[in-house]
Structure formats: structure tokens, C-alpha cells
Engineer: 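Here it is, the structure, as C-alpha cells.
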Amino acid sequence: MSLQAAQNQSSPAGGSQSSPADSGKALYGGSQSSPADSGKALYGGKSTRRITVHDIAAATERGEKWPMLTAYDAMTASVFDEAGIPVMLVGDSMGNVHLGYETTVPVTMDEIALLSAAVVRGTKRALIVADLPFGSYQEGPVQALRNATRLIKESGVGAVKLEGGERSHEQIRLLVEAGIPVMGHIGLTPQSVNAMGYRVQGRGEEAAQQLLRDAKAVQDAGAFAVVLELVPAELAAEVTRTLHIPTVGIGAGSATDAQVLVYTDMVGLTGGKVPRFTKQYANLRQVLGDAAKEFADEVVGGTFPAPEHTFH
């Protein structure tokens, strides 16, 4: 079955409803998950094989919501894989949170390829999606195909993500035609920070219509999903109802089909001010800091290593 055929399984088959609380894809001929479907669920399912975009399409048809987290190394990725996270993004957010850059713009193909391969090696079940970094696809479809092919062949990822709607239509189309699954990304596109800054996108009638056009362009080009970043919740809900591919929200309200967070924000590793849309589920920055201080105190005090840590 082709990628496009898998997506067509969740194409509109009936009228839509208007409640943002409902999954938009279940409204298009799909049905809400039943206990009999629980074994097929992306999160909490019983399958141990690697998740593919066909599984994403099937979940969309069932009206199933699913989580996605970023990952940048094998060990962290293995923890998320064991927790059942079905999709992981090796995002160019690695620039900010892993490589020490101020923005995502400096991230290179070599860096993405290296860390993507590590995440793939650290997982068994999750679908791994790798970002195409800034400068790796803007020249046109051929450049995009060359770099996406490298991530598929060298890193072993199952899909790539790139930013832009109408402006990236041809790049997405060529990648999909070549057999490379693509996740789109519209709204706030961090690689364009120098042009747009960090602000909510799609406010106002003209901006909202452009975002809808971008979403449709991504879908029409053959993408299997699209990230909506920093978009008003009402507009994200409208996009979700309009498309037959799943929407992945980050700062886009609760009506999207999936949600993604940068994992360092989610576990409380990020220092300083964090975005309003993130939620901290742990405080690993304090845990790690306390552990480091305790280790240092024991070294200085001469209590580590103790006899049970020593060989004779």
C-alpha cells in the first residue's frame, strides 16, 4: 500500500460537526476507539513492531489522540520508548536545548543525522521523525530530496519534517513521490525566526486564511501529518476539522489530533522562562542538581567511594 493510499483511508466520507472538543478525523467516517481497538492504539497498544505512517493514518481514522515528544539521544529515547510514546521528533530544537545555540537556525545536517541515528538505535517501537534543518531544503525540491534521503538511509528514521505551507508544497510533493513520509509544520516556524519573531500566528482574518491555505497545501502535497505551532485554538480546531490528515499541536489548543512538547520543557530541565504552552511534569533540573551536589560533597568529604564501591 502506498503512503497516499494509507492517507486516503482517512479521507472525508461524511459531514463534519463543529465541536472543537471532538476529534476532527472521527467526524469524517471514523469511529471512536472501542475496547476491541485498544490493542491497536498508538499509545498503550500491544504491538511491539516499529510504528509507521500507516498506523498514524489508522489511528486518525479511529479518532485516536496521540502524544509526541522530542528526543536527541539514545538513552532518553529508550526511556520514552519504554513509556509507550509512539512518535518521537529529532527536532532542530536540539540547537536550543542540546547544542547550546540561541536558535534552531545554526543546526546542520551532520548534527541532525548523528543524533537521529542515536535516537533510532535507542528505540524499538516509536516512529522516529527527523527535522530537515534550515538551509537543507529551501533551495528547492531536489535539495530537499537529497537531504531527506540521507536521513532515511544513514540515520534510519521513518519520516522527515519540514517547515512551510504553500512555499514548501513542491518539496513535500517530491519527497512523498520518492517514498519518503513527510510531516509538515506551519504556524510559527522557528527556522524563520529572523523574519517573523516568536509570536502567535494566524490572528486576523487574512492571516487565518493564509494558515488554512498552508494547511491544505501541505495535505495536498501528500504529507501524512502537520504540526500547528503557536496558533489560536479556534483556528487550530478549524484546521483539524478541515484536514483529513492529523494535526499535531504545540501551543495550538486541545482540539488537534496529537500534541508535541520539547522534552526538556516537559521534564523541567529547561532553565529560565519556558513557553506558556508547555507543562512541566517533573523537575529534573533540581533532581540532577541535587544529585551532582551530593556527589561533590561526598567526594570532598572523603565518603565516596565507600568500601562497597572499592575493589581489592
Side-chain angles (χ1 to χ4, degrees), residues 67-83 85-123 126-137 147 151 155 157 159-163 183 185-201 227-231 248-252 258-292:
M68 180 167 79
L69 286 172
T70 63
Y72 316 106
D73 65 90
M75 186 173 294
T76 304
S78 70
V79 172
F80 294 158
D81 204 43
E82 291 169 5
I85 300 300
V87 186
M88 294 184 215
L89 171 65
V90 187
D92 56 8
S93 51
M94 67 175 65
N96 308 79
V97 304
H98 193 76
L99 299 175
Y101 301 138
E102 291 186 2
T103 71
T104 66
V105 174
V107 175
T108 66
M109 273 297 301
D110 285 345
E111 290 164 339
I112 288 280
L114 178 67
L115 299 191
S116 295
V119 170
V120 170
R121 290 192 295 267
T123 57
L127 170 65
I128 309 302
V129 182
D131 259 334
L132 284 174
F134 180 72
S136 68
Y137 60 93
N147 287 314
L151 292 176
S155 302
V157 301
V160 300
K161 181 173 77 65
L162 56 80
E163 297 181 0
M183 178 179 286
H185 185 153
I186 61 175
L188 175 69
T189 49
Q191 293 175 9
S192 302
V193 61
N194 291 327
M196 67 169 53
Y198 289 106
R199 58 188 178 87
V200 175
Q201 302 295 305
V227 172
L228 306 178
E229 181 167 357
L230 274 189
V231 174
V248 184
I250 178 167
Q259 296 288 333
V260 61
L261 284 177
V262 173
Y263 98 84
T264 53
D265 294 339
M266 187 271 294
V267 300
L269 274 175
T270 306
K273 186 178 180 180
V274 297
R276 172 183 172 182
F277 57 76
T278 195
K279 180 177 179 179
Q280 183 176 309
Y281 290 84
N283 190 354
L284 290 196
R285 191 176 187 89
Q286 181 174 335
V287 171
L288 289 175
D290 289 347

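This structure is a prediction, so every number in the text was calculated from the model and none was measured. As a basis for the values below, the full set of heavy atoms in this structure was taken, side chains included, without hydrogen atoms, waters or symmetry mates.
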Engineer: Quick one: does Val248's side chain get under 4.5 Å of His185's, heavy atoms only?
Structural biologist: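 No, too far: nothing below the 4.5 Å cut-off.
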Engineer: Rounded to the nearest 0.5 Å, how far apart are CD1 of Ile250 and CE of Met68?
Structural biologist: 8.0 Å
Engineer: Is the backbone of Gly122 close enough, under 3.5 Å, to the side chain of Ser78 for a donor and an acceptor to pair up by distance?
Structural biologist: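 Side chain of Ser78 to backbone of Gly122, a donor-acceptor pair under 3.5 Å: no, none is there.
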Engineer: If I compare all heavy atoms of Met75 with all of Asp73, which pair ends up nearest, and what's the gap?
Structural biologist: N-OD1, 3.1 Å
Engineer: Specify the closest pair of heavy atoms between Met88 and Ala71, including all atoms of both residues, with the distance to one decimal.
Structural biologist: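 Here Met88 and Ala71 meet closest at SD-CB, 4.0 Å.
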Engineer: What are the two closest heavy atoms between Ile85 and Ala126, and how far apart are they?
Structural biologist: O-CB, 3.5 Å
Engineer: Using the test side-chain contact (heavy atoms from CB on, under 4.5 Å), find all partners of Val262 that sit at least two apart in sequence or belong to another chain.
Structural biologist: Thr70, Tyr72, Ser93, Val97, Thr264, Asp265
Engineer: Output the distance between atom NZ (Lys273) and atom OG1 (Thr278), rounded to the nearest 0.5 Å.
Structural biologist: 13.5 Å
Engineer: Hey, does Asn147 have a side-chain heavy atom less than 4.5 Å from the side chain of Tyr137?
Structural biologist: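 They are not in side-chain contact.
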Engineer: Might you point out which heavy atoms bring Ala74 and Ala118 nearest each other, and give the distance in Å?
Structural biologist: CB-O, 3.2 Å
Engineer: Would you name the heavy atoms of Ala130 and Ile112 that are closest together and state the gap between them?
Structural biologist: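 Taking every non-hydrogen atom into account, CB-CG2, 4.3 Å.
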Engineer: Not counting sequence neighbours, which residues clear salt bridge (Lys or Arg N to Asp or Glu O under 4.0 Å) with Asp131? List them please.
Structural biologist: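 Expected list: Lys161.
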Engineer: Got a second to check how far Glu163's CD is from Ile186's CD1, nearest 0.5 Å?
Structural biologist: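 Result: 11.5 Å between the selected atoms.
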Engineer: If you measure from CG on Leu228 to CD on Gln259, what distance do you get to the nearest 0.5 Å?
Structural biologist: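 Rounded to the nearest 0.5 Å, the CG-CD separation comes out at 9.5 Å.
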Engineer: Quick check: do Leu132 and Leu151 have side-chain heavy atoms less than 4.5 Å from each other?
Structural biologist: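 Sidechains of Leu151 and Leu132: in contact.
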Engineer: What distance separates Tyr101 OH from Asp92 CG, expressed to the nearest 0.5 Å?
Structural biologist: 11.5 Å
Engineer: For Val160 and Val129, which heavy atoms make the closest approach, and how far apart are they?
Structural biologist: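 Closest heavy-atom pair between Val160 and Val129: C-CG1, 3.8 Å.
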Engineer: Among residues two or more places apart or on two chains, list those pairs meeting salt bridge (charged side-chain N to carboxylate O under 4.0 Å, His left out) that have a residue in residues 98-115.
Structural biologist: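 Output for this query lists Asp110-Arg150.
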Engineer: So, taking the atom named CG in Leu127 and the one named CG in Leu89, what distance separates them when rounded to the nearest 0.5 Å?
Structural biologist: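 So the gap between those two atoms works out to 10.0 Å.
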Engineer: Between Leu115 and His98, does a side-chain contact (heavy atoms from CB on, under 4.5 Å) hold up when you go through it step by step?
Structural biologist: CA-CA 10 Å; Leu115 299 191; His98 193 76; 3.7 Å; yes
